[in-house]
Amino acid sequence: NRLTEDELNLQNKQKVIEKLYDIIETNLTLIGGTVVEDKLQDKVPETIKELRAAGIKLWVLTGDKLDTAENIGYSCNLLSKEQKLFSLKVIPGDDDEKVKENPYMEMSQFFSDFQNFIENLVKKYNLDSKYALNKKYLDENCEHNLNRYSNYEIDSPEVGEYSPKKQPSSNRSILIDFDSFKYLRDKKLLEPFSIIIEAPILAGLFKDPEWTDNFLNVAYHSNTVICCRVSPSQKSQVIQKMKEFDSNAITLAIGDGGND
């Protein structure tokens, strides 16, 4: 039947099924409802803890919605309240298809939030004089300026001072203070953080090499990345992008369903 055919559509499965449901679910009377608890298997949190102790990075690629994926992340100890969580979700009112083409606002917010995270650590460990950005060149009041740091370059690697440079041609340019990011990692001062990202944003950022490179530079060093609302083809794409980012990476993808 039509529902079976739509379920085999790997490219637009969610969209076509929702349209079909809209057609089917008309002139109905609600009689009742049932709540089903989706429990984890035994010792999942303990197993994840041991995998992490072995130095294995864990990413979750799921078709679940963001709230569900986040709750599961906490229940199996992939996420914890002690770590910073960056949530890249489609801004209310935005159309998924438009975000897939250009997730400008969502990526801008993420890069801005992550830069603030780095700056706060720089201040916490008194690294301002050598590693922080020169504030006199920055517009700190612009929350969604994607070019927030794109007009600055390092004059001297020793001093870490930033000065204006020529405006880049691409309005998608973004520069996180990766010098401080690397220094914090090398000195083991980087506090744990995780990322959860929705499929439309993931699809959009992968279309732009610069966004992809900056995002993977950050995600590579996170505790956990959860990609939600993703299709089977997107799951494959995420793995491929990471292998391209780090040619030495060894990846193992484990699927719990036939479409994986």
After noting the C-alpha distance and the side-chain angles of Asp64 and Cys228, does the key distance pass the side chain to side chain contact (heavy atoms under 4.5 Å, CB included) rule? CA-CA 6 Å; Asp64 289 337; Cys228 55; 5.5 Å; no
Could you go through Gln115 and Ser112, starting from their C-alpha distance and side-chain angles, then the distance that decides it, and tell me whether this counts as side chain to side chain contact (heavy atoms under 4.5 Å, CB included)? CA-CA 5 Å; Gln115 179 58 34; Ser112 178; 5.8 Å; no
Leu85 vs Phe193, side chain to side chain contact (heavy atoms under 4.5 Å, CB included): CA-CA, chis, key distance, verdict: CA-CA 6 Å; Leu85 177 63; Phe193 68 93; over 6 Å; no
Assess the residue pair Lys49 and Asn77 against the criterion (side chain to side chain contact (heavy atoms under 4.5 Å, CB included)); give the C-alpha distance rounded to whole Å, side-chain angles, the decisive distance to 0.1 Å, and a yes or no. CA-CA 8 Å; Lys49 183 178 180 180; Asn77 286 349; over 6 Å; no
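When side chains are defined from C-beta on, Ile195 does not count as touching Thr224, because their heavy atoms never get closer than 4.5 Å. No side-chain heavy atom of Ile23 sits less than 4.5 Å from a side-chain heavy atom of Lys19. Between Tyr21 and Leu3 the shortest side-chain heavy-atom distance falls below 4.5 Å. Taking 4.5 Å as the limit, some side-chain heavy atom of Trp59 sits within range of a side-chain heavy atom of Met242. Using a 4.5 Å heavy-atom cutoff, the side chains of Phe206 and Trp211 are not in contact. Contact check for Glu106 versus Val90: side-chain heavy atoms found under the 4.5 Å cut-off. Inter-residue side-chain proximity for Pro200 and Arg229 is flagged as met; some heavy-atom pair is nearer than 4.5 Å.
Side-chain polar atoms of Arg52 and Thr47 form no donor-acceptor pair below 3.5 angstrom.
For Tyr220, the OH atom is loosely surrounded, since the number of other residues' heavy atoms within 6.0 Å does not exceed 12. By the 6.0 Å contact criterion, CD1 on Ile24 is enclosed, its count of non-hydrogen atoms from other residues, nucleotides or ligands being greater than 12. In Asp186, the CG atom is crowded: over 12 heavy atoms of neighbouring residues, nucleotides or ligands sit closer than 6.0 Å.
One finds the CD atom of Glu244 at 9.5 Å from the OG1 atom of Thr212 (value rounded to the nearest 0.5 Å). For the atom pair CE of Met105 and CD1 of Ile201, the computed distance is 11.5 Å after rounding to the nearest 0.5 Å. Considering CD1 of Ile118 and CG of Asp113, their distance stands at 12.0 Å, rounded to 0.5 Å. Atoms CG and NE2, from Leu184 and His221 in turn, are 12.0 Å apart once rounded to the nearest 0.5 Å. One distance of note links CG of Leu79 with OG of Ser194; it measures 5.0 Å at 0.5 Å rounding. The CG atom of Leu78 sits 10.0 Å away from the CG atom of Leu51 when rounded to the nearest 0.5 Å.
No continuous path of hydrophobic side-chain contacts links Leu66 to Leu205 [ILVMFWY only; heavy atoms under 4.5 Å]. Hydrophobic clustering keeps Ile196 apart from Met107 (ILVMFWY residues linked when any side-chain heavy atoms are closer than 4.5 Å, directly or through intermediates). Grouping the Ile, Leu, Val, Met, Phe, Trp and Tyr side chains by contacts below 4.5 angstrom, directly or via other members, places Ile72 apart from Ile197. Val60 and Leu88 fall into different hydrophobic clusters, where Ile, Leu, Val, Met, Phe, Trp and Tyr residues are linked whenever their side-chain heavy atoms come under 4.5 Å apart, directly or through other members. The cluster map of Ile, Leu, Val, Met, Phe, Trp and Tyr, joined by side-chain heavy atoms under 4.5 Å apart, puts Val238 and Phe110 in the same cluster.
Using a cutoff of 4.0 Å between basic side-chain nitrogens and carboxylate oxygens, Lys65 and Glu198 are not scored as salt-bridged. The pair Lys98-Asp94 fails the salt-bridge criterion, with no side-chain N (NZ, NE, NH1 or NH2) lying under 4.0 Å from an Asp/Glu carboxylate O. Salt bridge absent: Asp96 and Lys15 never bring a charged side-chain N and a carboxylate O closer than 4.0 Å. Arg2 and Glu5 are not joined by a salt bridge, as no carboxylate oxygen comes within less than 4.0 angstrom of a charged side-chain nitrogen.
At distances below 3.5 Å, not a single donor-acceptor pair connects side-chain atoms of Asp213 with backbone N or O atoms of Pro209. Under the 3.5 Å distance criterion, the side-chain polar atoms of Ser180 are left unmatched by any main-chain donor or acceptor of Glu119. With hydrogens and angles disregarded, no donor-acceptor distance shorter than 3.5 Å links the side chain of Glu101 to the backbone of Gly204.
The shortest non-hydrogen separation linking Leu202 to Gln234 is CB-NE2, 4.3 Å. Closest approach of Lys243 to Thr251, counting heavy atoms only: CD-OG1, 3.7 Å. In terms of heavy-atom proximity, Phe181 sits nearest to Leu190 at CE1-CD2, 3.5 Å. The shortest non-hydrogen separation linking Gly73 to Ile226 is CA-CD1, 4.2 Å.
Remark: Lys241 fails to qualify as a cation-pi partner of Phe245 under the 6.0 Å distance and 45° angle criteria applied to the six-membered ring. No cation-pi contact links Arg185 to Tyr183, judged by a cut-off of 6.0 Å to the six-membered ring centre and 45° from its axis. Taking the centre and axis of the six-membered ring of Phe117, the NZ or CZ atom of Lys84 falls outside the cone set by 45° and 6.0 Å.
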